[in-house]
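Please read these numbers as outputs of a predicted model, since none were measured by experiment.
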Amino acid sequence: MNKDLPLYIDYCSYEASKYAVFHYHYSRAMPSGKLVRFGVWEHGEFIGVVIFGTGACYNMSNIIKATNYEVCELVRVALNSHKSTVSKIVSFCLKKLKKDFPNLKAIISYADPRQGHKGKIYQAMNWTYLGVTNAATHFIKNGKIHHSRSVNEKRRTIKGFDMSQFEKIKTFKHKYIYLYDKKLFEYVENIVKDYP
């Protein structure tokens, strides 16, 4: 790796991605599904990853009347301390993604207000804000949030699973979309909201 390069972005291994996510991202969890993983280096030092994937919402492409192969989700930005702005890093990744996957029409991402996030990096890159998601059910146990799917799976498969320690809550996220083709804005213009 060239230590003279202030910023270098290229594909990286699953192991490197997992290390970055477990050390630099609040979720401490790798996303599932098919992933495109970009490693990020500053002056030759690995500082983290930007990961795109199929996401948890299988019909997210419907919003712009596209196929699931034409829309993906920005699922993780997991970075250690860095000098480059996050918006610059993500912008580099968006360009490389479009170059290598020319059929892509849009990227969707979410900002979690429970983590104090409003989507400032998306606002800095002029992504389109689509408001908040529908409320989702989660469970809290000892201060840790558990997805309803994982809790319900345990209820079905573990005999005597104790639900009394879990508190049910409703959550939402801020939703943003990045359109490679600005003509597609017509599909979302009626639901665009002001930045939070």
Legend entry - Y24 side chain near N80 side chain, heavy-atom distance below 4.5 Å: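 Sidechains of N80 and Y24: in contact.
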Inset, instruction - Determine whether T128 and F185 make a side-chain contact, defined as any pair of heavy atoms from C-beta on separated by less than 4.5 Å. - result: yes
How would you list all residue pairs meeting side chain to side chain donor-acceptor pair (under 3.5 Å) that involve [range], not counting sequence neighbours?
range            : value
residues 112-121 : D112-R114
residues 169-182 : Q123-Y176, Y129-H174, T137-K170, H138-T171
residues 81-92   : E42-S84, T85-S87

Legend entry - From CZ (F139) to CE (M163), nearest 0.5 Å: 4.0 Å
Inset, instruction - Mind checking the CG-CG spacing from L184 to L179? Nearest 0.5 Å is all I need. - result: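 Those atoms lie 6.0 Å apart.
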[X] with [Y], same ILVMFWY side-chain cluster at under 4.5 Å:
X    : Y    : answer
Y110 : V132 : no
I47  : Y19  : no
L5   : W41  : yes
V77  : F92  : yes
L94  : V40  : yes

Legend entry - side-chain contact (heavy atoms from CB on, under 4.5 Å) partners of R156, counting only residues at least two apart: N152, E153
Inset, instruction - Kindly check if the number of other-residue, nucleotide or ligand heavy atoms within 6.0 Å of OH (Y26) is above 12? - result: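 Count over threshold, so yes.
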Inset, instruction - Kindly say whether V71 contributes a backbone atom to a donor-acceptor pair with the side chain of S61 at under 3.5 angstrom? - result: no
Nearest non-hydrogen partners of [X] and [Y], listed with the distance:
X    : Y    : value
I89  : I9   : O-CD1, 3.6 Å
S109 : Y122 : OG-OH, 2.7 Å
V75  : G53  : CG2-N, 4.0 Å
A111 : G119 : CB-N, 3.5 Å
I51  : L74  : O-CD1, 3.5 Å

Result block: side-chain N/O donor-acceptor pairs under 3.5 angstrom for residues 29-39, not counting sequence neighbours:
residue: R37; atom: NE; partner: C12; partner atom: O; Å: 3.3
residue: R37; atom: NH2; partner: C12; partner atom: O; Å: 3.3

Legend entry - Stepwise side chain to side chain contact (heavy atoms under 4.5 Å, CB included) test for F52 and R76: CA-CA 7 Å; F52 298 86; R76 294 288 185 276; over 6 Å; no
Output side-chain donor-acceptor pairs under 3.5 Å for residues 96-106, partner residues at least two apart or in another chain, one line each.
residue: K96; atom: NZ; partner: D100; partner atom: OD2; Å: 3.4
residue: K98; atom: NZ; partner: P102; partner atom: O; Å: 2.8
residue: K98; atom: NZ; partner: L104; partner atom: O; Å: 2.5
residue: D100; atom: OD2; partner: Y11; partner atom: OH; Å: 2.4
residue: K105; atom: NZ; partner: E70; partner atom: OE2; Å: 3.3

Legend entry - Summary of salt bridge (Lys or Arg N to Asp or Glu O under 4.0 Å) pairs that have at least one residue in residues 7-27, sequence neighbours excluded: none
Legend entry - Residues that F166 engages under ring-ring contact (aromatic ring centres under 6.0 Å, His included), provided they are two or more places apart: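 Counting only residues at least two positions away or on another chain, F166 forms a ring-ring contact (aromatic ring centres under 6.0 Å, His included) with H146, F161.
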Could you pull out every donor-acceptor pair under 3.5 Å between side chains of residues 187-196 and any protein atom, sequence neighbours left out?
residue: K193; atom: NZ; partner: I191; partner atom: O; Å: 3.3
residue: Y195; atom: OH; partner: W127; partner atom: O; Å: 2.5

